[in-house]
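When a residue number appears, it is its place in the shown sequence, counting from 1. All of these numbers come straight from a predicted model, not from anything done at the bench.
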Amino acid sequence: MLKRSGRYEADYQAWLHDRVYLHWTGPFFKSYHYTKANLTGPLRVQLVQDAHVRGAVFFYDPSIGDSNFSFFFDLLKDRVQALGYTLHSCDKLKVRHERYTEEVEKHVLTPPASDLPGTSLCNQLYGNVLLDYIKVNSRPGYIRFIANAYNDAYFSKPLPFDELLDKVLQPHEENTNQPT
């Protein structure tokens with residue numbers, strides 16, 4: 001189980017209060033769209049585009065700093081939860097390979113169990129949201145932000161990943177009372 005220390009939580013709350021995340025949410029958002037257009041953005045982002053999986057991989061840059069990148073990972077989780085998602089699981093795994101050690105922090109978030117209004121279809125919103133923070137030899141590597149949708153007659157069509165990314169990375173007036 002992934003647990004944060006009291007000190008970490010206090011530092012994270014101060015980071016939120018001071019809106020430090022604005023140094024990276026905008027540049028990662030811009031980089032995502034630049035990457036979609038085959039351009040180079042301010043930060044390195046890789047697209048994930050499979051049949052029912054959409055997402056982005058946000059690569060660590062030394063200009064961000066270790067703690068800021070960790071806080072960014074938790075910000076993504078908090079903002080997805082602010083959209084009504086439930087934190088289904090929260091794990092930490094360490095794998096020792098022959099030449100390096102890999103650490104993975106993982107959040108799995110699920111949409112609320114409800115029907116799409118006026119139908120008997122399960123409203124999957126954007127699908128299940130998977131967040132992975134990968135470190136190699138205790139150094140930040142990347143954050144994988146994935147929406148995994150069901151392709152099934154009992155589920156609604158998933159909402160676009162770009163919309164999810166916009167809601168999570170871009171400041172909106174209606175989100176001022178949500179975790180920022």
Side-chain angles (χ1 to χ4, degrees), residues 2-49 53-85 87 90-92 100-109 125-127 129-148 159-180:
L2 176 61
K3 293 197 185 243
R4 303 291 192 207
S5 70
R7 174 61 189 224
Y8 178 96
E9 284 296 333
D11 290 347
Y12 176 59
Q13 291 305 317
W15 186 82
L16 290 173
H17 180 267
D18 293 341
R19 300 170 56 99
V20 177
Y21 55 85
L22 291 174
H23 294 290
W24 299 285
T25 53
F28 271 126
F29 184 76
K30 181 185 285 186
S31 295
Y32 170 81
H33 288 287
Y34 276 31
T35 301
K36 283 181 68 172
N38 292 317
L39 300 170
T40 303
L43 296 168
R44 204 167 119 217
V45 174
Q46 180 179 331
L47 305 180
V48 177
Q49 298 179 326
V53 177
R54 295 283 187 255
V57 177
F58 304 113
F59 289 92
Y60 176 75
D61 184 278
S63 67
I64 297 172
D66 296 16
S67 60
N68 288 317
F69 202 60
S70 184
F71 293 156
F72 179 69
F73 174 66
D74 287 338
L75 175 75
L76 295 173
K77 173 192 63 82
D78 290 349
R79 287 199 168 167
V80 171
Q81 283 183 289
L83 297 174
Y85 274 70
L87 183 60
C90 190
D91 298 311
K92 187 173 186 173
Y100 64 95
T101 300
E102 181 181 30
E103 297 171 62
V104 180
E105 296 179 3
K106 179 182 285 290
H107 298 307
V108 177
L109 298 112
L125 297 176
Y126 305 96
V129 174
L130 314 171
L131 286 165
D132 297 316
Y133 177 22
I134 288 76
K135 297 179 189 176
V136 176
N137 293 334
S138 299
R139 301 290 305 154
Y142 58 90
I143 295 170
R144 189 172 27 232
F145 180 40
I146 304 290
N148 185 8
L159 298 171
F161 177 77
D162 285 4
E163 180 182 300
L164 172 63
L165 198 65
D166 179 63
K167 288 182 177 186
V168 170
L169 291 182
Q170 293 296 293
H172 297 282
E173 291 302 317
E174 66 273 12
N175 292 339
T176 54
N177 293 328
Q178 296 176 2
T180 51

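A salt bridge does not link D66 to K135: none of the charged nitrogens lies less than 4.0 Å from a carboxylate oxygen. Under a 4.0 Å N-O distance rule, the pair K77/E105 does not qualify as a salt bridge. Between D91 and K106, no side-chain nitrogen of the basic residue sits less than 4.0 Å from a carboxylate oxygen of the acidic one, so the salt-bridge criterion is not met.
N137 places no side-chain N or O within 3.5 Å of a backbone atom of R139 that could act as its donor or acceptor partner.
With a 6.0 Å cutoff to the six-membered ring centre and a 45° limit on the axis angle, R7 does not count as a cation-pi contact of Y12.
Under 3.5 Å, the side chains of Q170 and T25 contain no donor-acceptor pair of N or O atoms.
A search for side-chain contact (heavy atoms from CB on, under 4.5 Å) contacts involving L159 returns L125, Y126, E163, not counting sequence neighbours.
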Quiz prompt | V129 vs L83, side chain to side chain contact (heavy atoms under 4.5 Å, CB included): CA-CA, chis, key distance, verdict | solution = CA-CA 11 Å; V129 174; L83 297 174; over 6 Å; no
Quiz prompt | Y21/N68 under side chain to side chain donor-acceptor pair (under 3.5 Å): CA gap, chis, key distance, verdict | solution = CA-CA 8 Å; Y21 55 85; N68 288 317; over 6 Å; no
Practice problem: Could you go through the side chain to side chain contact (heavy atoms under 4.5 Å, CB included) check for R4 and D74 one step at a time? | Solution: CA-CA 10 Å; R4 303 291 192 207; D74 287 338; 3.0 Å; yes
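Between H107 and Y133, the ring center distance fails the sub-6.0 Å criterion. When ring centroids are compared, F58 and F69 stay outside the 6.0 Å threshold. Annotation: F161 is in aromatic contact with F145 [ring centroid separation under 6.0 Å]. Checked against the 6.0 Å centroid threshold, W15 and F71 count as a close aromatic pair.
Between E102 and Y100 there is a side-chain heavy-atom pair separated by less than 4.5 Å. You'll find the side chain of I143 stays beyond 4.5 Å of the side chain of I134, heavy atoms only. Under the 4.5 Å side-chain criterion, counting only non-hydrogen atoms from C-beta, I146 is not in contact with V57. Looking only at side-chain heavy atoms (C-beta outward), R54 and V48 stay at 4.5 Å or farther from each other. Counting heavy atoms from C-beta on, the side chains of L47 and Y32 come closer than 4.5 Å.
The minimum heavy-atom distance between Y85 and G127, with the atom names listed, is OH-O, 2.8 Å.
The local environment of CZ in F59 is crowded, with over 12 non-hydrogen atoms from other residues, nucleotides or ligands closer than 6.0 Å.
Note that CG of D18 is 11.0 Å distant from CD of Q13, once rounded to the nearest 0.5 Å. Note that the CG atom of L87 and the CG atom of D78 stand 9.5 Å from one another [nearest 0.5 Å]. Note that NE2 of H33 and CZ of F28 are 14.0 Å apart. Values are rounded to the nearest 0.5 Å. Taking CG from L16 and CG from D11, the interatomic distance works out to 11.0 Å, rounded to the nearest 0.5 Å. Atoms CZ and CG, on R144 and D132 in that order, are 4.5 Å from each other to the nearest 0.5 Å. With rounding to the nearest 0.5 Å, the separation of CZ in F72 from CG in L131 is 9.5 Å.
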Output side-chain donor-acceptor pairs under 3.5 Å for residues 36-45, partner residues at least two apart or in another chain, one line each.
residue: K36; atom: NZ; partner: D162; partner atom: OD1; Å: 3.4
residue: K36; atom: NZ; partner: D162; partner atom: OD2; Å: 2.4

